[in-house]
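Remarks on the structure that follows.
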There are 4 protein chains.
Amino acid sequence: MMNRSILIGRLTKDPELRYTPSGVAVTQFTLAVDRPFTNGQGQREADFINIVTWRKLAETCANYLRKGRLTAVEGRIQVRNYENNEGRRVYVTEIVADNVRFLESANTQRDDQHNQDIGMPVEPSRKPMNQDPFSDDSKPIDISDDDLPF
Amino acid sequence: MMNRSILIGRLTKDPELRYTPSGVAVTQFTLAVDRPFTNGQGQREADFINIVTWRKLAETCANYLRKGRLTAVEGRIQVRNYENNEGRRVYVTEIVADNVRFLESANTQRDDQHNQDIGMPVEPSRKPMNQDPFSDDSKPIDISDDDLPF
Amino acid sequence: MMNRSILIGRLTKDPELRYTPSGVAVTQFTLAVDRPFTNGQGQREADFINIVTWRKLAETCANYLRKGRLTAVEGRIQVRNYENNEGRRVYVTEIVADNVRFLESANTQRDDQHNQDIGMPVEPSRKPMNQDPFSDDSKPIDISDDDLPF
Amino acid sequence: MMNRSILIGRLTKDPELRYTPSGVAVTQFTLAVDRPFTNGQGQREADFINIVTWRKLAETCANYLRKGRLTAVEGRIQVRNYENNEGRRVYVTEIVADNVRFLESANTQRDDQHNQDIGMPVEPSRKPMNQDPFSDDSKPIDISDDDLPF
DNA sequence: TTTT
DNA sequence: TTTT
């Protein structure tokens with residue numbers, strides 16, 4: 001009915017641009033968002049929140065965002081579920097972003113050696129989308145054209 | 001760094017008040033939040049979003065919220081993880097609410113037989129908290145005093 | 001850069017649908033939003049927040065919203081200024097809404113005599129837009145096609 | 001009932017710390033928030049949104065924020081009104097912030113000569129609060145202990 | 001495992 | 001100028 005989230009945090013990795021079978025661009029990344037308090041041991045923890053963007057915004061994110069960059073994200077919470085390769089139902093919560101702000105552009109970044117070497121904007125790595133975008137090990141596709149938000 | 005979500009939806013079940021070992025009140029419930037578009041088959045789907053409240057707010061929620069009630073929730077997204085009884089790491093995403101608004105009070109509710117029979121406010125069911133609050137089958141506790149947000 | 005507000009409150013009056021000279025629909029209304037605390041005299045005050053909607057949303061709001069109705073509004077804060085008939089610069093702050101939720105539809109409304117008499121949806125009153133939509137007395141137009149947000 | 005705004009923008013001036021007669025700290029500043037579109041002449045405009053903070057947050061803001069700094073603000077919209085020296089009722093809309101994030105700390109700031117000269121954190125200027133904090137010309141006080149949000 |  |  002109403003579903004709005006706004007987050008500010010830092011990318012845990014470079015984002016990765018993929019394409020659905022019908023050719024729609026999708027970019028996923030994770031934002032580390034510091035908690036507003038410290039835990040029992042006096043350490044500040046973070047929530048690691050998955051973000052998905054589609055189409056033109058996906059391409060802009062892939063082009064301009066990099067690991068560690070401070071970023072603001074606005075979107076809606078989505079809870080998808082799919083059956084994994086062991087036949088178990090897995091629930092994935094993610095933010096479907098419709099507004100992303102790059103709070104650190106390349107030239108405000110201090111020790112990003114990669115940017116200095118390469119120049120910005122950089123072409124993102126493009127992989128065929130045959131992986132669970134939120135994990136590192138091989139799993140069957142779990143994002144398809146059915147997941148398109150519009 | 002910044003982490004705020006606002007949701008309006010309906011409770012999928014009555015909320016349930018529990019207590020941590022040290023006696024702190026926790027109430028959890030799920031909000032069905034309709035998506036702003038229809039899927040490929042022309043049906044409107046919903047996201048089922050888990051909500052946690054603590055302390056006094058937990059008790060108010062347990063007292064006044066009921067299955068089906070339209071409710072607004074404001075809070076931060078939290079991603080917890082714990083090891084389940086099969087030794088697998090399970091990720092739970094939920095909203096830690098600090099503001100909950102009851103958009104339908106008992107007397108604006110039309111066909112809530114339970115309310116008519118019982119009168120409002122109603123004492124919530126109180127169970128010892130020895131269950132995963134997001135499931136119906138027996139699992140070891142996965143909320144403890146360590147999860148307290150402050 | 002980022003600008004998002006979410007409000008829940010009640011309409012202080014029926015909304016009014018108007019049209020810019022070029023024929024674009026605009027609806028404005030004010031939301032009374034209760035403050036989360038009481039003042040020095042123990043009374044709860046409210047903030048009276050102006051809302052503007054454009055185009056199709058303007059027409060839906062004019063059709064379905066009525067004085068007193070509980071309503072959720074999402075949009076961006078806008079600060080316009082114009083010169084009034086005395087040559088003074090007047091600042092107007094309002095929410096340009098892109099998402100409005102009717103939390104009380106006509107049939108959940110208890111004592112809205114107007115709705116019972118007339119049936120819902122009702123055709124809104126349509127006035128030529130030759131008035132300051134936030135006041136009741138005659139002033140020159142201060143919303144024009146230049147104010148169109150897109 | 002619910003009232004939440006989140007803004008990202010840049011300070012139009014250094015903030016100014018003041019004190020109410022009873023000694024409570026208040027800091028006010030204005031955020032320039034770029035609009036998400038360009039106007040008829042292809043220029044990007046901004047909304048200038050007034051922010052108020054109280055107590056400890058007021059002191060932190062006065063200590064760390066400076067003109068031009070990119071800043072995220074979270075709070076509630078408040079509409080105050082007071083009678084000005086000509087006997088007219090003036091409406092002031094502002095965000096009462098409860099969360100402010102400094103997105104550019106002193107050392108990520110490139111051409112802030114003031115910071116380089118002075119070193120950060122800097123003691124803010126402290127003026128007795130006998131001015132309308134949102135204007136430059138002399139007017140009677142319009143913030144008092146009655147405006148305290150809690 | 002889901003609400004109207 | 002304000003709503004329940």
Side-chain angles (χ1 to χ4, degrees), chain A residues 1-3 79-81 83 88-91 93, chain B residues 7-16 28-35 43-51 65-73 92 101-105 107-112 114 131-139, chain C residues 7-16 28-35 43-51 65-73 92 94 101-105 107-112 131-139, chain D residues 1-3 79-81 83 88-91 93:
Chain A
M1 188 86 163
M2 192 159 276
N3 181 342
V79 183
R80 288 186 294 124
N81 64 80
E83 200 151 305
R88 290 171 141 288
R89 191 131 297 267
V90 180
Y91 290 83
T93 301
Chain B
L7 304 170
I8 301 179
R10 293 183 184 277
L11 291 234
T12 61
K13 299 185 186 166
D14 284 5
E16 228 171 71
Q28 289 173 298
F29 55 89
T30 297
L31 225 53
V33 181
D34 284 344
R35 295 200 175 152
Q43 309 144 163
R44 185 166 302 271
E45 297 177 26
D47 291 290
F48 297 96
I49 302 176
N50 297 321
I51 315 291
L65 289 178
R66 287 293 171 273
K67 178 178 175 174
R69 221 56 74 73
L70 191 68
T71 305
V73 162
V92 179
R101 294 292 154 180
F102 311 144
L103 303 177
E104 288 175 344
S105 55
N107 47 13
T108 64
Q109 199 69 356
R110 286 137 304 180
D111 63 344
D112 187 337
H114 181 257
Q131 301 278 326
D132 173 350
F134 287 134
S135 83
D136 288 330
D137 43 64
S138 288
K139 294 223 205 76
Chain C
L7 304 170
I8 300 178
R10 293 183 184 277
L11 290 235
T12 61
K13 300 185 185 165
D14 284 6
E16 227 172 71
Q28 290 174 296
F29 54 90
T30 297
L31 225 52
V33 181
D34 284 344
R35 296 200 175 152
Q43 309 144 161
R44 184 166 303 271
E45 297 176 24
D47 291 290
F48 297 97
I49 302 174
N50 298 321
I51 315 291
L65 288 177
R66 287 292 169 275
K67 179 179 175 175
R69 221 56 71 75
L70 190 67
T71 306
V73 162
V92 179
E94 61 207 353
R101 294 292 154 180
F102 311 145
L103 302 177
E104 288 175 346
S105 55
N107 47 12
T108 64
Q109 198 69 357
R110 286 137 303 182
D111 63 345
D112 188 337
Q131 302 277 324
D132 174 350
F134 288 134
S135 82
D136 288 330
D137 43 63
S138 288
K139 294 225 205 74
Chain D
M1 189 87 164
M2 193 159 278
N3 181 341
V79 183
R80 288 185 295 123
N81 65 79
E83 200 152 304
R88 292 172 140 286
R89 191 130 299 266
V90 179
Y91 290 83
T93 302

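So that the names make sense, note that chain A is the first sequence line, chain B the second, and so on, each numbered from 1. Quick caveat, the model's predicted, so the values are computed rather than measured.
- Taking the side chain of C:Thr12 as heavy atoms from C-beta on, and the options F:dT2, E:dT3, F:dT4, the nearest nucleotide is F:dT2.
- For C:Asp34, the side chain to side chain donor-acceptor pair (under 3.5 Å) criterion is met by no residue, not counting sequence neighbours.
- If you take CD1 of C:Ile49 and P of F:dT2, they are 16 Å apart, rounded to a whole angstrom.
- Nearest nucleotide to the B:Lys67 side chain, out of F:dT1, F:dT4, E:dT3: E:dT3.
- Heavy atoms only, all atoms of each residue included: B:Phe48 and A:Val79 are closest at O-CG2, 3.5 Å.
- Following rounding to the nearest Å, B:Leu103 (CG) and F:dT4 (C1') show an atom-to-atom distance of 13 Å.
- Of the listed nucleotides (E:dT2, F:dT3, E:dT3), E:dT3 has the atom at the smallest distance from the side chain of B:Asp34.
- Proximity note for B:Thr30 (side chain, C-beta onward) versus F:dT3, E:dT2, E:dT3: the nearest is E:dT2.
- Rounded to whole Å, atom P of E:dT4 lies 14 Å from atom CE of A:Met1.
- Between B:Ile8 atom CD1 and E:dT3 atom C1' the separation is 14 Å, expressed in whole Å.
- As rounded to whole Å, 14 Å separates atom P of F:dT2 from atom CD of C:Gln43.
- When each of F:dT4, F:dT1, F:dT2 is scored by its nearest atom to the side-chain atoms of D:Arg89, the top-ranked nucleotide is F:dT1.
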Does the pair B:Asn50 and A:Tyr91 meet the rule for a side-chain contact (heavy atoms from CB on, under 4.5 Å), with working shown?
CA-CA 12 Å; B:Asn50 297 321; A:Tyr91 290 83; over 6 Å; no
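- Shown here are the salt bridge (charged side-chain N to carboxylate O under 4.0 Å, His left out) partners of B:Arg44, two or more places apart in sequence or in another chain: there are none.
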